[in-house]
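For reference, the structure discussed in these notes is given below.
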Amino acid sequence: MKAPSSDLAACRARRASRLTDPLALVVGVLFAVSLFLAARHPHGLDFTRPSPYLGVTTALGLGLILLAGMSVIRRLGAHRLWLASAWTSAVLFTGTGLTWYAVVADTSSALTRGTSVTDGRRSDAYLDRHMPPGATGLRVPTGVFIQALRFTGANDVEVSGYIWQRYDDSLPAGLRRGVVLPEADESYEPKKVYEIRRDGEQVVGWYFHVTLRQVFDYRAYPLDEQDVWLRMWHPDFQQRAVLVPDWEAYPPWRVQAAYGLDSGFVPGNWSVKTTGFSYDVPRYSANFGQGRQYRDAPYPELYFNMHMARGFVPPLFGRIIPLTFIAVLVFASLFVTTKNRRRFPLSGFDGLTVVEFAAAILLVLTVDHNTARHETGSHGIAYVDYLYFSLYFMIIAVVWNSLLLSRGPRIASVEWRDNLAPKLLYWPVLAFVVFAVTATTFLL
């Protein structure tokens with residue numbers, strides 16, 4: 001017989017849960033909404049500089065929503081186990097989806113080589129600090145206008161457009177004209193398209209079409225962003241002129257405006273988030289035969305940067321949706337293995353049949369995984385690799401469960417309600433693994 005005090009405590013607990021459960025649900029929903037709105041704000045979240053605080057707060061908000069839903073589900077009778085499994089999976093997959101959206105929508109930062117400069121004052125200040133002692137101080141205003149860009153490989157990008165320079169009459173008469181793109185292949189043959197004189201200066205413009213070999217970071221693929229840059233030198237190694245952005249050729253520079261691009265610019269499956277000029281001081285291990293000073297005191301190099309973001313729709317249909325279908329098929333295989341002799345003739349499957357099915361699925365999955373690896377050309381592990389690893393893990397777990405159920409020793413947790421526990425845990429475990437690798441990649 002229960003004591004009156006325990007009945008009173010239980011009653012108070014039920015009353016408290018009626019208040020705290022809806023409150024937790026409201027708090028969790030508000031937290032998720034605030035995270036969503038913060039991701040849309042231009043300076044709300046910076047996913048290129050993740051922090052533990054961002055990951056902890058995201059997990060806390062999802063945890064509140066999860067606990068609130070569980071408190072409602074536990075009052076239900078039939079099917080509450082399946083509802084709890086579905087709710088847990090839905091919350092974790094929602095967290096993954098929100099993180100994807102926040103990464104795609106984030107515009108708070110720009111990828112840039114070296115130090116970004118946005119006007120003449122900043123570029124002059126940078127050069128004053130980083131020019132080697134005794135430098136000639138010859139500065140040649142240089143502008144860039146990009147007409148087309150196309151990724152032709154994992155580390156190759158094809159760029160075409162115009163480069164022009166302004167040579168003031170005060171510069172030495174023998175100073176060579178032109179721009180060197182040191183990262184271009186042999187296709188770089190600039191064609192002079194105009195040469196004019198005005199207001200005491202000479203303006204020379206070239207058209208170029210070149211393939212650049214650059215190193216890109218695909219660790220976040222298919223949510224990756226890349227910096228495509230034009231690295232520019234002046235061809236006169238003797239007089240050592242330095243290139244400066246031709247600010248007079250552009251409107252007042254705004255990073256988000258993406259100046260320097262043709263209005264009909266078509267980047268394929270990519271979008272241009274920002275453009276801008278920057279400087280970087282190289283570190284050479286040779287002096288190019290020009291003396292020790294050339295190696296030990298190099299001149300700053302001018303870059304024109306294009307911050308590119310990969311479109312999410314092609315990877316969604318090419319990678320994510322096929323992986324989802326494979327996950328559903330693997331889950332369905334849990335229902336065809338049984339120890340119930342009355343149901344076995346209906347399914348006709350045993351553990352070895354599931355192994356054969358898993359081998360076929362693994363073959364398809366491995367081929368698709370190798371295609372993804374070839375597409376990025378990455379030597380490390382990209383985010384999409386973890387998604388494939390998650391499915392590998394689930395396939396192995398399902399095969400092991402089927403063998404234990406059909407041919408292994410009697411295990412109560414496996415045989416409970418005819419293999420119900422693995423069916424209930426499949427989607428929550430997969431959702432947790434996917435959310436964990438997503439949060440580790442983009443939030444921590």
Practice task
I would like to know whether Tyr221 and Arg373 meet side-chain contact (heavy atoms from CB on, under 4.5 Å); could you show each step before the answer?
Solution key: CA-CA 10 Å; Tyr221 175 84; Arg373 295 281 301 174; over 6 Å; no
Handout entry: Pair Ile381-Phe389, side-chain contact (heavy atoms from CB on, under 4.5 Å): steps then yes or no
Key = CA-CA 11 Å; Ile381 299 179; Phe389 294 156; 4.1 Å; yes
Exercise for the section: For His234 and Tyr299, run side chain to side chain donor-acceptor pair (under 3.5 Å): C-alpha distance rounded to whole Å, both residues' side-chain angles, the deciding distance at 0.1 Å, then the answer. Expected result: CA-CA 10 Å; His234 193 274; Tyr299 279 41; over 6 Å; no
Practice task
Starting from the C-alpha separation in whole Å, work towards a yes-or-no answer on side-chain contact (heavy atoms from CB on, under 4.5 Å) for Met306 and Leu261.
Solution key: CA-CA 9 Å; Met306 291 165 284; Leu261 300 182; 4.0 Å; yes
Practice task
Could you walk me through whether Ile146 and Val159 pass the side-chain contact (heavy atoms from CB on, under 4.5 Å) test, one step at a time?
Solution key: CA-CA 7 Å; Ile146 304 299; Val159 184; 3.8 Å; yes
Practice task
Could you give me the CA-CA distance, side-chain angles and deciding distance for Asp169 and Arg197, then say whether salt bridge (Lys or Arg N to Asp or Glu O under 4.0 Å) is met?
Solution key: CA-CA 10 Å; Asp169 290 344; Arg197 293 196 58 84; 2.7 Å; yes
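Side chain of Thr324 to backbone of Ile320: a donor-acceptor contact under 3.5 angstrom is found. Looking only at distances, a side-chain donor or acceptor of Tyr218 sits under 3.5 Å from a matching main-chain atom of Ala154. Asp385 places a side-chain N or O within 3.5 Å of a backbone atom of Ala382 that can act as its donor or acceptor partner. Remark: the backbone N or O of Leu365 is not paired with any side-chain donor or acceptor of His369 at under 3.5 angstrom. A distance-only check finds a donor-acceptor pair linking the side chain of Gln214 to the backbone of Trp229 [under 3.5 Å]. Without hydrogens or angle criteria, Asp119 side chain to Arg122 main chain gives a donor-acceptor distance under 3.5 Å.
Counting heavy atoms from C-beta on, the side chains of Val398 and Tyr426 come closer than 4.5 Å. No side-chain heavy atom of Thr438 sits less than 4.5 Å from a side-chain heavy atom of Tyr386. Within the 4.5 Å cutoff, the side chain of Gln165 has heavy atoms near those of the Trp206 side chain. The shortest distance between side-chain heavy atoms of Leu302 and Tyr279 falls below 4.5 Å. Inter-residue side-chain proximity for Val140 and Leu175 is flagged as met; some heavy-atom pair is nearer than 4.5 Å. Counting heavy atoms from C-beta on, the side chains of Thr88 and Trp427 never come closer than 4.5 Å. Using a 4.5 Å cut-off on side-chain heavy atoms (C-beta onward), Leu230 and Leu212 make contact. Contact of the Arg177 side chain with the Gln202 side chain is registered, since non-hydrogen atoms from C-beta on lie closer than 4.5 Å.
In terms of heavy-atom proximity, Gly143 sits nearest to Asp246 at N-CB, 4.0 Å. Considering all non-hydrogen atoms of both residues, Pro235 and Arg176 come closest at O-NH1, 3.4 Å. Taking every heavy atom of both residues into account, Leu424 and Ser85 meet most closely at O-OG, 2.6 Å. Residue Ser89 comes nearest to Pro428 through the heavy atom pair OG-N, 3.1 Å, listed as atom of the first residue, atom of the second, then distance. When all heavy atoms of Gly200 and Asp168 are compared, the pair lying nearest together is O-OD1, 3.7 Å. A pairwise comparison of heavy atoms in Arg113 and Asn305 identifies N-OD1, 3.1 Å as the closest pair.
Within a 6.0 Å radius of CZ in Phe432, no more than 12 heavy atoms belonging to other residues, nucleotides or ligands are found.
Ion pairing between Asp124 and Arg139 holds under the 4.0 Å rule for side-chain N and carboxylate O.
Residues forming a ring pair (Phe, Tyr, Trp, His ring centres under 6.0 Å) with Phe393 (at least two apart in sequence, or on another chain): none.
The distance from the CG atom of Leu323 to the CG atom of Leu387 is 6.5 Å, given to the nearest 0.5 Å. Taking CZ of Phe93 as the reference point, atom CH2 of Trp100 lies at 8.5 Å (rounded to 0.5 Å). Rounded to the nearest 0.5 Å, atoms CZ (Phe151) and CH2 (Trp270) are 4.5 Å apart. Going from atom CG of Asp128 over to atom CE of Met131 covers 9.0 Å, rounded to the nearest 0.5 Å. The CZ atom of Phe325 sits 7.0 Å away from atom CD1 of Ile321, with the distance rounded to the nearest 0.5 Å. Of the inter-residue distances, the one linking Phe435 atom CZ with Thr99 atom OG1 reads 5.5 Å to the nearest 0.5 angstrom.
Among the candidates Lys273, Glu225, Gln226, the single residue satisfying the side chain to side chain donor-acceptor pair (under 3.5 Å) test with His307 is Glu225. Looking at Asp227, Val228, Thr275 one by one, the single match for side-chain contact (heavy atoms from CB on, under 4.5 Å) with Met308 turns out to be Val228.
Between Trp164 and Tyr194, the gap from one ring centroid to the other reaches at least 6.0 Å.
Sorted by first then second residue, the salt bridge (charged side-chain N to carboxylate O under 4.0 Å, His left out) pairs that include residues 247-267, not counting sequence neighbours, are Arg166-Glu248. Among residue pairs with one or both ends in residues 308-317, those qualifying as side-chain hydrogen bond (donor to acceptor under 3.5 Å, both in side chains) are Asp224-Arg310; sequence neighbours excluded.
Using bins of under 30°, 30° to 60° and over 60° for the plane-to-plane angle, the ring pair Tyr250/Trp253 lands in the perpendicular bin.
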